[in-house]
Amino acid sequence: MSRTVFILLLLLCLQLPSFAAARRAYTHNSEYLRDHISDLISNWNGARLEATSADYATLNLRNGTRPIKFDQKELRKRNGRYLYMNMRVKEKESRYGFLILPDDAGFIRFPVVADGNFHIYNIDLADENGRIRRPESIVFSDSGKSQTIHLLGFSLVGNPSGRSDVRILDVGTVNHELYSGVPNQLYLLLHNTGGKVSNNLELESLKLPFRVEESNRFRWKLPAIAPQARKTVLIDITPRTPGSGKLSAEVADKEGLSKFQRTLKAVTPPPLPGGSASGMPVPSPLPTICNVAAFYTPRYTTADSWKNVSEYTPGRRPVLGYYDVSKPETIDWQIKLLTENGINTLFIDWYEKQGKPAHPEWFEAYRQARHRKLIRWAIAWDNSNAVNSADEFRRIAAFWIAGYFRREGYLHVNGKPVVLIRQPLRLDRNLSGQLGVCLAEARKQAQAAGLPGICFIAGLTPFPNQKNVDHVREIKFLLANGFDFVTDVVHTSAEKPGDVPGVLDFEEVADLNTRMWAQRRRTAASNYIPFVTTGCNDYPLRRDSAEIIENRTPEEFGKLCKSAARFIAVNKAPFFLIGHLNDFDRGASIEPNSEDGFRYYEALRDEVMTPGTRPPQNYGPTALR
């Protein structure tokens, strides 16, 4: 035997154990799977693992909300970056799976495909720094009901494993306004959760509820999708005639089929009034029974600022397109849509980077906008970046006084320019308890400049999952230290019995909001401004640990706006505050978009417009083509 052959045989023998382990991880043998899973799981906590088939292991969950704990010793022995599962869940039994992380580090969420077929899951355990997170437990369902899961594979692996598994995550139109005779595009958002490239992917079928000029017989090859990758596919369509109904799409490769359905509607282009010189019709502000303000983020100025939204949630594409807030025409369109649906004030997110405003573009674009006089604005100071001295506070106050307070459209309450401070308690700590002194000095600075003072609004920030906390002490402290009003600046969390981390219910959150208004009112009297949540789904930013408020609908949002309008009518607050208007990355937005159209604006409009008013018709730039 030659030396070379001997060395090759020796290396092969050394690799045999790992080859065998890899083979066993994917062997369709329920006895092996039962033993293999038992090694990784230290506490079944009410679940029962069975071997009822020669092909898969059966996991019976008596209550899906009970976490099944991992054996940390076994996890530490293995260097796998991915938790690999090949499992089947019956239809409507599960929506999510969760890996709960130790030491309050959060969770990793993965959507469960509950269609009765086996699907591949490769769950990345690495954080943004590449460190492997060792989960403490796993929850397979948030249904709170007993269920059955069939496992064909379960292991820790170094790389995404198993066959390809492509899913349709979303289907919609690029421009929400789908008009007969006007070209548009469908988008298909696809995701390969498997371990192999999908090279043979085809659009198996696409059925539309109306005729299109191209052809209703769609079937063609789609681009390859790498493991763990997402891809958005665009399809040109031009509806021939109006129509509405179910859109259905099927995507398939040699490994399987994915289906998706949604409602789609094509309408006749609206008759439009004469346009202005810029091409946009002149706004017709809606007469309202109260003032409505909203938080506004000015960070969308470049294609890069829209990257997360366009890649992960293309359905959030605004009716105005991926706009640039540094352009006056963008601001004019926003002013038109805002004022025609009842919003007349914006609180602009404001903070500094290296001593300068982070996003100054909006202010210059507003100054040049044709219709700027129709809307008021003020700054909402996000003081997350520490301000640690009275001198620094005075410098910032001087900047506001010189740069903003006398500008056209700036919001004044009781004759005073308004500033909302988002984290006043943190600011007080940073200033060593001197926040009240700093507010008084800022007012003196304004008076020295010829202004009557400054109206300060304090933003309360409830902690996650707080229930029925009225913040009496905090409110009394803030009012005693010079704030004119208090409000909330984030939604207040609520959890139903049986819920799992990170998934909340909009109806419960909204109900808790209204109950907290009453608590705030008892302490702050007419100095409380009610806050209306717009929900949250920050998947584009946080991916598998996103916070999601489910079941948000225009109807539920409209009910909350109706309650807020009643509240300020009784308690004489200057306005109610919506948050956020356009934070698309965090899914806290009601600005018209591809998925929802104008429904949230119109739900607000219907509750605040003066009785007997005929509101203007809503449309975007697409209608002018």
Side-chain angles (χ1 to χ4, degrees), residues 14-45 47-61 67-89 94 96-102 107-113 117-127 130-141 148-165 167 191-197 226-228 255-256 544:
L14 291 174
Q15 291 296 318
L16 281 176
S18 60
F19 289 158
R23 182 185 62 82
R24 286 198 305 272
Y26 308 108
T27 297
H28 296 182
N29 181 294
S30 59
E31 293 292 341
Y32 165 72
L33 273 172
R34 183 180 62 184
D35 295 339
H36 181 70
I37 297 170
S38 297
D39 287 341
L40 284 171
I41 304 298
S42 62
N43 182 359
W44 290 101
N45 200 16
R48 186 171 71 254
L49 184 66
E50 299 175 345
T52 57
S53 165
D55 293 326
Y56 53 78
T58 300
L59 178 63
N60 286 321
L61 299 172
I68 300 170
K69 295 184 178 180
F70 285 97
D71 188 321
Q72 294 298 316
K73 290 182 179 178
E74 283 294 323
L75 285 177
R76 282 193 290 271
K77 290 179 184 177
R78 310 173 189 217
N79 294 318
R81 171 171 174 165
Y82 295 87
L83 178 64
Y84 163 84
M85 289 186 289
N86 187 353
M87 70 181 187
R88 175 169 67 189
V89 179
S94 297
Y96 301 105
F98 290 81
L99 299 180
I100 311 300
L101 303 177
F107 53 87
I108 299 173
R109 177 192 295 108
F110 57 96
V112 171
V113 181
N117 298 316
F118 279 99
H119 289 280
I120 303 293
Y121 303 82
N122 283 286
I123 304 166
D124 193 351
L125 302 178
D127 63 14
R131 294 182 296 238
I132 306 299
R133 299 170 288 187
R134 297 301 184 198
E136 187 174 80
S137 57
I138 184 170
V139 179
F140 278 110
S141 170
T148 300
I149 294 173
H150 294 147
L151 291 165
L152 198 61
F154 184 93
S155 185
L156 280 176
V157 293
N159 296 295
S161 301
R163 59 178 172 81
S164 64
D165 195 341
R167 305 170 194 178
H191 185 202
N192 183 3
T193 61
K196 293 182 179 178
V197 176
Q228 304 300 292
E255 303 291 351
D544 54 19

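This is a predicted model, so every value here is computed, not measured.
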- prompt: In Å, rounded to the nearest 0.5 Å, how long is the span from CG of Asn192 to CG of Asp165?
  reply: 7.0 Å
query: Hey, are the side chains of Ile120 and Arg163 touching, using non-hydrogen atoms and a 4.5 Å cut-off?
result: yes
- prompt: Between Ser161 and Asn159, what is the shortest heavy-atom contact and its length?
  reply: OG-O, 2.8 Å
task: Decide yes or no for Tyr121 and Val113: does some side-chain heavy atom of the first lie under 4.5 Å from some side-chain heavy atom of the second?
output: yes
- prompt: Do side-chain atoms of Arg109 reach the backbone of Phe98 as a donor and acceptor pair under 3.5 angstrom?
  reply: no
message: Would you say that Met87 contacts Val112 through its side chain, given a criterion of any heavy-atom pair below 4.5 Å between the two side chains?
response: yes
task: Measure from NZ or CZ of Arg76 to the centre of the six-membered ring of Phe70, then state whether that distance is under 6.0 Å and the direction lies within 45° of the axis.
output: no
- prompt: To the nearest 0.5 Å, how far apart are CD in Glu255 and NE2 in His119?
  reply: 12.5 Å
query: Looking only at heavy atoms, what is the nearest atom pair of Pro111 and Arg167, with distance?
result: O-NH1, 3.9 Å
- line: d(Tyr82 OH, Ile123 CD1) to nearest 0.5 Å is 11.5 Å
- prompt: Closest approach of Leu33 and Tyr56, non-hydrogen atoms and distance?
  reply: CD1-CA, 4.4 Å
statement: In this structure, CG of Asn45 is separated from CD1 of Ile138 (nearest 0.5 Å) by 13.5 Å
message: Would you compute the distance between atom CG of Leu99 and atom CD1 of Ile108 and round it to the nearest 0.5 angstrom?
response: 5.0 Å
For Ser137 against Lys69, the heavy-atom pair lying closest together: CB-CA, 3.8 Å
- request: Please report the closest heavy-atom contact between Arg134 and Arg78, naming both atoms and the distance.
  value: NH2-O, 2.8 Å
Flag side-chain contact, heavy atom, 4.5 Å: Ser30 against Asp55: no
message: Within the 4.5 Å heavy-atom criterion, are Thr193 and Asn122 side-chain neighbours or not?
response: no
field: Spacing of CZ belonging to Arg131 relative to CG belonging to Leu125, to within rounding of 0.5 Å
entry: 14.0 Å
message: Counting C-beta onward and ignoring hydrogens, is there a side-chain heavy-atom pair between Phe154 and Leu83 closer than 4.5 Å?
response: yes
message: Using the rule given for salt bridge (charged side-chain N to carboxylate O under 4.0 Å, His left out), can you reason through Lys77 versus Asp39, listing the C-alpha separation, both sets of side-chain angles and the distance that settles it, and then say yes or no?
response: CA-CA 11 Å; Lys77 290 179 184 177; Asp39 287 341; over 6 Å; no
query: Taking it one step at a time, do Leu61 and Ile68 satisfy side chain to side chain contact (heavy atoms under 4.5 Å, CB included)?
result: CA-CA 10 Å; Leu61 299 172; Ile68 300 170; 3.7 Å; yes
message: Is there a side-chain contact between Thr58 and Leu49 in this structure, where contact means two heavy atoms from C-beta onward sitting under 4.5 Å apart?
response: no
- prompt: Nearest heavy-atom pair of Leu101 and Pro135: which atoms, and what distance?
  reply: CD2-CA, 4.0 Å
